[in-house]
**Q** 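Take a look at this one; I'll ask things after.
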Amino acid sequence: MRALLRVFDRLALWLAIIGALIIVVQMFWISYGVFMRYVLSNPDGTVTEATALLLFPTAFLGLAFALRDNAYPKVTFLLNVLKPRAQRWLEALNLLLIILVAGFFAVAAVQATIGSFRSGSASEILQWPRYLFWTPATISLLFFTTYATLKLVDILTSRPDETVNTTADLSKPQ
C-alpha cells in the first residue's frame with residue numbers, strides 16, 4: 001500500500017507540473033495578446049477564448065498535489081485537542097467527504113467528456129474540440145478520487161503509530 005501511495009505521490013507532482021506548464025503557456029499567450037492589442041493596435045481575437053479554455057483543465061490538475069501536501073484548509077484547533085485515534089477518524093471522515101464530492105465531479109466530467117466527443121462540439125472562435133479540455137480534467141478528477149480513496153484505505157487499515165504522512169519531502173534525496 002505504501003509503495004502505491006508513493007507512486008501516486010509522484011504522479012500527483014507530475015500532474016501539477018503539467019498544470020504549471022499550461023499556466024506558463026497562458027502567461028505568454030496573454031502577454032502576446034496585450035502586446036498585439038495595445039502596442040500594435042491589432043487585437044488577437046483568439047487570446048481570450050484560448051486562455052479561458054486552458055484555464056479549465058488547469059484548475060483540476062493540482063487537486064491531487066494539494067492532497068499530497070495536505071494543503072486543503074482545515075480547522076486545526078479541533079484536531080489539536082483530539083486524541084490520536086479521534087484525529088484519525090476525523091481525517092478518515094474528511095477523506096470520505098473529499099471522495100464523495102470528487103467522485104460526483106469525476107462522474108460528471110466523464111459524462112461531459114463522452115458527450116462532447118460524441119457530439120463533436122467545438123469552441124466558438126478557435127473551433128478546438130471541447131473533449132480536449134474535458135479529458136485532462138476528467139483524468140485529474142479520476143486520479144484525485146482514486147488517490148483520496150487510497151489515502152482513506154491507508155488510514156483505516158493501519159495502526160495509529162503506523163500511519164505516516166506519505167507526503168514526499170522534496171528537500172531530502174529519495
**Q** Which residue pairs satisfy the salt bridge (charged side-chain N to carboxylate O under 4.0 Å, His left out) criterion with at least one member in residues 43-53, sequence neighbours excluded?
**A** none
**Q** Can you name the nearest heavy-atom pair linking Ile98 to Ala148, along with the distance?
**A** CG2-CB, 4.1 Å
**Q** About how many Å separate CG of Leu82 and CG of Leu79, when rounded to the nearest 0.5 Å?
**A** 6.5 Å
**Q** Return the CZ to OG1 distance between Phe117 and Thr135, rounded to the nearest 0.5 Å.
**A** 9.0 Å
**Q** Say you draw a straight line from CD1 of Ile99 to CG of Leu95; how long is it, rounded to the nearest 0.5 Å?
**A** 6.0 Å
**Q** About how many Å separate OG1 of Thr113 and CG of Leu132, when rounded to the nearest 0.5 Å?
**A** 10.0 Å
**Q** With sequence neighbours left out, what residues match Ser41 under side chain to side chain contact (heavy atoms under 4.5 Å, CB included)?
**A** none
**Q** Should Leu90 and Asn94 be marked as a side-chain contact (heavy atoms from CB on, under 4.5 Å) after you check the CA-CA gap, both sets of side-chain angles, and the distance that decides it?
**A** CA-CA 6 Å; Leu90 191 57; Asn94 185 41; 5.9 Å; no
**Q** Considering only distance and modelled atom types, tabulate donor-acceptor pairs under 3.5 Å from the side chains of residues 50-67, sequence neighbours left out.
**A**
from	atom 1	to	atom 2	distance (Å)
Thr51	OG1	Val47	O	2.9
Thr51	OG1	Thr48	O	3.2
Thr58	OG1	Leu54	O	2.7

**Q** Flag yes if Phe133 and Ile22 sit in one hydrophobic cluster, no otherwise; membership is Ile, Leu, Val, Met, Phe, Trp, Tyr, and two members link when side-chain heavy atoms are under 4.5 Å apart.
**A** yes
**Q** Locate the shortest heavy-atom distance separating Ser158 from Arg88; write the atom from each residue and the value.
**A** O-NH2, 2.5 Å
**Q** Where the side chain of Arg68 meets the backbone of Tyr147, is there a donor-acceptor pair that is under 3.5 Å apart?
**A** no
**Q** How long is the straight-line distance from CD1 of Ile18 back to CD1 of Ile23, given to the nearest 0.5 Å?
**A** 12.5 Å
**Q** Please tabulate, one pair per line, all N/O donor-acceptor pairs under 3.5 Å involving side-chain atoms of residues 29-39, not counting sequence neighbours.
**A**
from	atom 1	to	atom 2	distance (Å)
Ser31	OG	Met27	O	2.9

**Q** Return the CG to NZ distance between Asn70 and Lys151, rounded to the nearest 0.5 Å.
**A** 7.0 Å
**Q** Taking only residues two or more places apart in sequence, or in another chain, which ones meet Gln111 in a side chain to side chain contact (heavy atoms under 4.5 Å, CB included)?
**A** Val107
**Q** For side-chain contact (heavy atoms from CB on, under 4.5 Å), just list the numbers for Trp89 and Leu156, CA-CA rounded to whole Å, side-chain angles, deciding distance to a tenth of an Å, and then say yes or no.
**A** CA-CA 8 Å; Trp89 283 107; Leu156 294 177; 3.7 Å; yes
**Q** Considering all heavy atoms of both residues, which atom of Ile155 and which atom of Ala92 are nearest to each other, and what is their separation?
**A** CG2-CB, 4.2 Å
**Q** Testing the basics here: between Ala109 and Leu141, what is the closest heavy-atom pair and its distance to 0.1 Å?
**A** CB-CD1, 3.8 Å
**Q** Counting heavy atoms not belonging to Phe143, are there more than 12 under 6.0 Å from its CZ?
**A** yes
**Q** Between Asp154 and Leu150, is there a side-chain heavy-atom distance shorter than 4.5 Å?
**A** no
**Q** Can you name the residues that form a side chain to side chain contact (heavy atoms under 4.5 Å, CB included) with Ser116, not counting sequence neighbours?
**A** Ser121, Arg130, Tyr131, Trp134
